[in-house]
Engineer: 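Quick one: this structure, given as structure tokens, is what I'll be asking you about.
These numbers come from the heavy atoms of this one structure, side chains and all, not from hydrogens, waters or symmetry mates. Below, chains carry the letters A, B, ... as their sequence lines are ordered, and counting in each starts from 1.
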Amino acid sequence: MDKTFEPRAVEDRWRERWSELDAFAPRGSGAPYSIVIPPPNVTGTLHMGHAFQHTIMDALTRYHRMRGERTLWQPGTDHAGIATQMVVERNLKREGRSRSELGRDTFVAEIWKWKEHSHAIITSQIRRLGSSVDWSRERFTMDPGYERAVVEHFVRLHDAGLIYRGKRLVNWDPVLQTAISDLEVKQEEEDGHLWHLRYPLADGASYRDERGQSHDYIVVATTRPETMLGDAAVAVHPEDPRYRGLVGKEVVLPLCDRRLPIIADEYVDRSFGTGAVKITPAHDFNDYAVGQRHDLPLTNIFTASARIADTAPAAYRGLDRYEARESIVRDLQALGLVDRIEPHKLKVPRGDRTGSVLEPWLTDQWFVDLTRRQLTDGRPGGWTAITEPALAAVREGRIHFVPDSWKTTYFHWLENIQDWCISRQLWWGHRIPAWYDDEGNIYVARSEAEARTRYGLKPSLPLRQDPDVFDTWFSSDIWPLATLGWPDCTSELRSFYPTSVLVTGFDIIFFWVARMVMMGLYLGDEVPFRDVFITGLVRDPEGNKMSKSKGNVLDPLDVADGITLDALLAKRTSGLMQPAMAPKIAAKTRKDYPKGLAPVGIDALRFTFAALATNGRDIRFDAGRAAGYRNFCNKLWNASRFVLMNCEPAEAASAPTVGTAGAAGIASSLPDRWIRSRLQRVALDAARYFADYRFDLLARTLYEFVWNEFCDWYLELSKPTLSDGTPAERGATRGTLVEVLEATLRLLHPLMPFITEDIWQRVAPLAGKTGATIMLQPYPVADEARIDPVAEGDVEWLKAFVLAVRQIRGEMDIAPGRRLPVLLRNADDGDRERLARLQAAIGTVARVDPPRVLGPEEPEPPAAAALLGDMKILVPMAGLIDKDAELSRLDKLIARIERDLERNLQRLGNQRFIAGAPPEVVDKERARVAGQRSELATLTAQRERIRTL
RNA sequence: GGGUGCUUAGCUCAGCCGGUAGAGCAUCGCCCUUACAAGGCGGGGGUCGGCGGUUCGAACCCGUCAGCACCCACCA
């Protein structure tokens, strides 16, 4: 083995080998365990968040596979309608081409080309990460079988009365020129103005203001003066005394030569502005509702690109909405109709993809009814809305959120849900399976041919398919079903649905999780997954969200493989939407990664994600942490080298190598029993942490076991046996080394697949194990009979002994290599017995001569002292230890004990503590105080002795 | 306007059922001790955001305030 762990070579070797072995496919006849991948968008490449979630999913997959379950991790990718179309449009724009120029078919062909490109990158990234997905089952949301499922999905919902088409006010993106759903709208507070406009009263009516002054107009306040062209009324509150006499009268809409009624509606807030509101039903969601109540006409004044339409006065037609605003305000000012303009903060709706300001716009769209319709397919169980079973499933615990608190968010959204607009005026996506004849009749069916037979249409009747496509999420909400073969009742569907767990981010609980639950229950008659493990977001070192535009993204493979500062700078500053940001991005990058990133390898990257995966919280990616786990890999690598050097047949020729420790009458040494005992406890913990999705605690437990117990203590304790033990003793220790290392590799494998596989291949034969891959070996299960509290106690004693000597050595700056004499005072029988057994180990590990127990009357030489219970450990000072240094060390020790003792005495002096606390706590406290008192006495005496030298 | 989460060492974070605060990184000292200098050994470093309450005992439970973050919502 090389002296240092070189991740890349190891990764490449095993990735290929696993692929040859077809080891990722479900096998065996165990209980099924399945995870569907949240399909990455084919918009580009995987980011840190994907790598994070993949770590978790792969750890779960490998763990359950090793436990012998029939395990499937279903892979695939998502066509991601808007997102992908935008990427391709942007690329075209760079080449000076456009979507409209290409036409639909050519454009879609371009997107397919892009899809292949992005898909190739994504799948190679997934392979690099070691994700053990079953590639043979890979799906894409637009592959033919999936397409069929999406059509079936729509038709079934439609036939059950859960789909309708209608002219509604929707969120319209004038740049993309498509409707989007409520979820895709981001409301941001922005600085704007509140324009107070005077609308003249008709027929000589008048309005008296608070000060009794009479006006021939009323003032309405608006943040969007240009929408006045579409006004249908002015509304006041029914109980507003200021306007009581005006309700039912009319105003003259300036610039438009129209009369508008003054209406009364509870919607109006009397305290805002003047208490009078212009109502524009076709361009505002609230006004739309008011308009419905009062039967107001809908005047659509915008075109699809948010220019003024021909329904408006000629003067403004064709103007962009903001040009129109300026122009209208100018004209109103000229007429003296602008009362005043105030600065005002308002919520501006923007598309989460384009960032463009959205318009509420009146169009024909398809909706899923999530609120009010009765199902017409006679479904048993009292379905009222499709949301109800989805709420019940979580409420009744058939689906568990981890962390549990996310269910609140889920409930809140489903309980306040609106109908879902699923049609998009895009070219990339699933065409809606609906056909129209020339009279506008709609025929929904699985195909045009089916439409004709279903609705009895003549073959000659011309039909046009709806040009729109579905919202991406309308196809991904059946992902767990469709990837397993639905609508066919395949054996995969039967065994792997419901899936075991969904691992995803909180940002798509609404978009995806809730909708999958609804559709899974409706179409699949079962929840789509039992657990939902919600991960946090991966953020940059300052806690900012990672995004290309902020220039703070990291490619997970760059973390694994390392990247120079220059290359990272180039990646982050190229192809920016706002090139002006480049210097700022470069500066921040230089600050965060002054030397670029050193390679850490996939295993360390994965271990980092696991260790940071605490309780669903967002994580700040910490390159230092990753480097620490790279060191951990190296530690494991070198510990394995040590084991192999000492246990490989050539090295071990002089003694029995392995075999089961304890077999053949070989007595296990204390350290052997201790480390095996610890191993059982670790296996116990690991099982618990997997069950609880506590990957952070899992990682920490394994890290500490390997480093702090196996390496720091067990390997050191094995050395004297390996060099000086009898052949039988050596054989037993070799057996334990190999046995514990081999099991540890299996414990670690789900988190660190590559390094564990590579080492396991060399270690397994020594442990008498065979197998093509560690992946298919059983995950260690604790054997509680091998937990050995006596051995654990003995080793604790030994560690305390060694630490005491090391403390003296360290504080006195005595070279580690220098052997020290040690004398003992007050050793009781237990101490003597342990000493006899552990003398060799102590000698090697603490680098001391065999400790000698002083006789009762034997005088004590000047020495530095430490305590182990009542036993005093003495390191004679002669030629080694400076008197003042030892005095100050003792002072420090004494001060610390005094401080603690004082606090504890105070506690014991408290009657209510004695009376109120459980007796065992009080006893523990008493024992502690007694110990501290005696330590203090001994150390104080020791200090006096040294002082008087 | 509702809701959720967070605040612990210089930094990033653990801390389970309430019982004397932990890790990694950073820092200081001694060491190239044949598994590992990507290492070993030792040290220093915390009023657990503030205040109040419950309790024999609070980082942990309750209340409150402050700050930060996020989510939802139709106030022109």
Engineer: Distance check, C1' atoms only: U47(B) and A59(B), in whole angstrom units.
Structural biologist: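 Per the computed distance, 12 Å lies between those C1' atoms.
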
Engineer: Which is true for Lys719(A) with a 4.0 Å heavy-atom rule: it touches a base, it touches only sugar-phosphate, or it touches nothing?
Structural biologist: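 Counting heavy atoms under 4.0 Å across all strands, the contact made by Lys719(A) includes a base.
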
Engineer: With a non-hydrogen cut-off below 4.0 angstrom, is Asn904(A) in contact with a base, only sugar-phosphate, or nothing?
Structural biologist: base

Engineer: Quick one about His283(A) and Glu359(A) (side-chain donor to acceptor, distance below 3.5 Å, no hydrogens or angles considered), yes or no?
Structural biologist: no

Engineer: Rounded to whole angstrom units, what separation is found between the OH atom of Tyr703(A) and the C1' atom of G24(B)?
Structural biologist: 6 Å

Engineer: Is there a Watson-Crick or G-U wobble partner for A35(B) with both distances under 3.5 Å, and which nucleotide is it?
Structural biologist: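 Result: none.
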
Engineer: Would you indicate what Lys3(A) reaches in the nucleic acid, counting non-hydrogen atoms under 4.0 angstrom: base, sugar-phosphate, or nothing?
Structural biologist: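 Sugar-phosphate contact only.
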
Engineer: Using a heavy-atom cut-off of under 4.0 Å over every strand shown, decide if Pro918(A) touches base, sugar-phosphate, or nothing.
Structural biologist: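 Base: the residue Pro918(A), judged by heavy atoms under 4.0 Å, touches a nucleobase.
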
Engineer: Mind checking salt bridge (charged side-chain N to carboxylate O under 4.0 Å, His left out) for Lys347(A) and listing every partner two or more places apart, or none if nothing turns up?
Structural biologist: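 Once residues adjacent in sequence are excluded, Lys347(A) has no partner under the salt bridge (charged side-chain N to carboxylate O under 4.0 Å, His left out) criterion.
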
Engineer: Phe632(A) vs Phe607(A), test: ring pair (Phe, Tyr, Trp, His ring centres under 6.0 Å). Steps then yes/no.
Structural biologist: CA-CA 10 Å; Phe632(A) 176 61; Phe607(A) 205 82; 5.2 Å; yes

Engineer: Compare side-chain N and O positions of Asn631(A) against OP1 and OP2 of G39(B) and report whether any pair is under 4.0 Å apart.
Structural biologist: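 Answer is yes, contact under 4.0 Å.
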
Engineer: Scan Val643(A) against the nucleic acid and name what it touches under 4.0 Å (heavy atoms): base, sugar-phosphate only, or nothing.
Structural biologist: nothing

Engineer: Using the closest heavy atom to pick a nucleotide of RNA chain B for each, name whichever of Thr614(A) or Arg270(A) lands nearer the 5' end.
Structural biologist: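 Result of the comparison: Thr614(A).
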
Engineer: So does Glu342(A) pair up with Arg340(A), basic N to acidic O under 4.0 Å?
Structural biologist: yes

Engineer: Do the numbers put Lys635(A) on top of the ring of Tyr703(A), so that NZ or CZ is under 6.0 Å from the six-membered ring centre and no more than 45° off the axis?
Structural biologist: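 Verdict for Tyr703(A): no cation-pi partner in Lys635(A).
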
Engineer: By nearest nucleotide on RNA chain B, pick out whichever of Thr409(A) and Leu715(A) is the more 5' one.
Structural biologist: Leu715(A)

Engineer: Please classify the nucleic acid contact of Arg889(A) as base, sugar-phosphate, or nothing, using heavy-atom distances under 4.0 Å.
Structural biologist: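 No contact.
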
Engineer: For RNA chain B, find the residues of residues 691-699 of chain A with a heavy-atom distance under 4.0 Å and give them by number; none if there aren't any.
Structural biologist: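 Within this stretch, Arg694(A), Leu697(A) sit under 4.0 Å of the strand.
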
Engineer: For a quick check, tell me whether the side chain of Lys635(A) and the base of C36(B) share a donor-acceptor pair closer than 3.5 Å.
Structural biologist: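 By the distance-only test, yes, there is a pair.
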
Engineer: With a non-hydrogen cut-off below 4.0 angstrom, is Arg700(A) in contact with a base, only sugar-phosphate, or nothing?
Structural biologist: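 It contacts base atoms.
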
Engineer: What is the pairing partner of G5(B), taking Watson-Crick or G-U wobble pairs with both distances under 3.5 Å in any strand?
Structural biologist: C68(B)

Engineer: Do Arg889(A) and Gln807(A) pair up side chain to side chain, a donor and an acceptor below 3.5 Å, judged on atom types alone?
Structural biologist: yes

Engineer: Could you check how far CD1 of Ile759(A) sits from P of A35(B), rounded to whole Å?
Structural biologist: 17 Å

Engineer: Can you tell me the Watson-Crick or wobble partner of G46(B), both distances under 3.5 angstrom?
Structural biologist: none

Engineer: Report the distance from atom CG of Asn708(A) to atom P of G42(B), rounded to the nearest whole Å.
Structural biologist: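 It is 11 Å, rounded to the nearest whole Å.
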
Engineer: Quick one: Trp707(A) CH2 to A38(B) P, roughly how many Å, whole number?
Structural biologist: 11 Å

Engineer: Report the C-alpha separation of Asp540(A) and Lys588(A) in whole Å, then their side-chain angles, then the decisive distance to 0.1 Å, and conclude whether the salt bridge (charged side-chain N to carboxylate O under 4.0 Å, His left out) test is met.
Structural biologist: CA-CA 11 Å; Asp540(A) 78 357; Lys588(A) 190 175 131 56; 3.0 Å; yes

Engineer: NA contact type, Phe285(A), heavy-atom cut-off 4.0 Å: base, sugar-phosphate, or nothing?
Structural biologist: nothing

Engineer: Does Glu716(A) get its side chain close enough to the base of A35(B), under 3.5 Å, for a donor-acceptor pair?
Structural biologist: yes

Engineer: Test for a donor-acceptor pair under 3.5 Å between the base of A38(B) and the side chain of Arg630(A), counting only N and O atoms.
Structural biologist: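 Side chain to base: pair found, below 3.5 Å.
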
Engineer: Any luck finding a side-chain donor-acceptor pair between Thr371(A) and Asp419(A) under 3.5 Å?
Structural biologist: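 Note: Thr371(A) and Asp419(A) side chains meet the donor-acceptor criterion.
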
Engineer: P atom, G52(B) versus G15(B): distance in rounded Å?
Structural biologist: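 Here G52(B) and G15(B) have their P atoms 28 Å from each other.
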
Engineer: Specify the separation, in whole Å, of atom CZ of Phe609(A) and atom C1' of C13(B).
Structural biologist: 16 Å

Engineer: Please give, in whole Å, the distance from C11(B) P to Arg625(A) CZ?
Structural biologist: 15 Å

Engineer: For G22(B), what is the paired nucleotide under Watson-Crick or G-U wobble rules, both distances under 3.5 Å?
Structural biologist: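 Checking every strand shown, G22(B) finds its partner in C13(B), with both distances under 3.5 Å.
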
Engineer: Considering every strand and a 4.0 Å limit on heavy-atom distances, what is the contact class for Phe510(A): base, sugar-phosphate, or nothing?
Structural biologist: sugar-phosphate

Engineer: Mind checking if Ala915(A) touches a base, just sugar-phosphate, or nothing, with heavy atoms under 4.0 Å?
Structural biologist: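 Contact class for Ala915(A): none.
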
Engineer: Reckon Cys711(A) touches a base, only the sugar-phosphate, or nothing at all at heavy-atom distances under 4.0 Å?
Structural biologist: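 Contact class for Cys711(A): base.
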
Engineer: Taking C65(B) as the reference, what is the distance to G2(B) when you measure between their P atoms (whole Å, please)?
Structural biologist: 12 Å

Engineer: Mark yes or no for a side-chain to base donor-acceptor pair under 3.5 Å between Gln932(A) and U20(B), with no hydrogen or angle criteria applied.
Structural biologist: yes

Engineer: Under a 4.0 Å threshold between the charged nitrogen and the carboxylate oxygen, would Arg242(A) count as salt-bridged to Asp240(A)?
Structural biologist: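 Yes, Asp240(A) and Arg242(A) are salt-bridged.
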
Engineer: Which part of the nucleic acid does Asp269(A) contact within heavy-atom distance under 4.0 Å: base, sugar-phosphate only, or nothing?
Structural biologist: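 If one applies the 4.0 Å heavy-atom cut-off, Asp269(A) turns out to touch a base.
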
Engineer: When the C1' atoms of C6(B) and C48(B) are compared, how many Å lie between them, rounded to an integer?
Structural biologist: 14 Å

Engineer: So Arg641(A), base contact, sugar-phosphate only, or nothing? Heavy-atom distance under 4.0 Å.
Structural biologist: sugar-phosphate

Engineer: With C1' as the reference atom in both, quote the distance from G67(B) to U8(B) in angstrom, rounded to an integer.
Structural biologist: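 That atom pair is separated by 16 Å.
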
Engineer: Touch check for Arg224(A), heavy atoms < 4.0 angstrom, all strands: base, sugar-phosphate only, or nothing?
Structural biologist: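 No contact.
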
Engineer: In this structure, how many angstroms lie between the C1' atom of A73(B) and the CD atom of Gln187(A), rounded?
Structural biologist: 9 Å

Engineer: When the P atoms of G53(B) and C68(B) are compared, how many Å lie between them, rounded to an integer?
Structural biologist: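 Here C68(B) and G53(B) have their P atoms 28 Å from each other.
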
Engineer: When rounded to the nearest Å, what value does the distance between P atoms of U7(B) and C61(B) take?
Structural biologist: 11 Å

Engineer: Looking just at side-chain N and O atoms, do Asp269(A) and His237(A) make a donor-acceptor pair shorter than 3.5 Å?
Structural biologist: no

Engineer: Determine whether a donor-acceptor pair (one donor, one acceptor, N or O, separation below 3.5 Å) exists between the side chain of Arg912(A) and the base of U55(B).
Structural biologist: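 There is none.
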
Engineer: What is the distance from CG of Leu612(A) to C1' of A23(B), rounded to the nearest Å?
Structural biologist: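 Those two atoms, CG and C1', are 12 Å apart.
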
Engineer: Considering only A35(B), G19(B), A73(B), which nucleotide approaches the side chain of Phe642(A) most closely?
Structural biologist: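 So the nucleotide nearest the side chain must be A35(B).
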
Engineer: Roughly how far apart, to the nearest Å, are A37(B) and A69(B) at atom P?
Structural biologist: 45 Å

Engineer: Using purine N1 to pyrimidine N3 plus N6-O4 or O6-N4 for Watson-Crick, or N1-O2 and O6-N3 for G-U wobble, each under 3.5 Å, what pairs with U55(B)?
Structural biologist: none

Engineer: Between the base of U12(B) and the side chain of Arg620(A), is there a donor-acceptor distance below 3.5 Å?
Structural biologist: no

Engineer: Find out whether the Lys NZ or Arg CZ of Arg806(A) is both under 6.0 angstrom from the six-membered ring centre of Trp713(A) and within 45° of the ring's axis.
Structural biologist: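 Satisfied, under 6.0 Å and within 45°.
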
Engineer: Of all the choices, G19(B), A38(B), A76(B), which nucleotide is nearest to the side chain of Phe913(A) once you look at every atom?
Structural biologist: G19(B)

Engineer: Under 6.0 Å between ring centres: does that hold for Phe401(A) and Trp406(A)?
Structural biologist: no

Engineer: Could you classify C17(B) for me, syn or anti, using a glycosidic angle within 90° of 0 as syn?
Structural biologist: syn

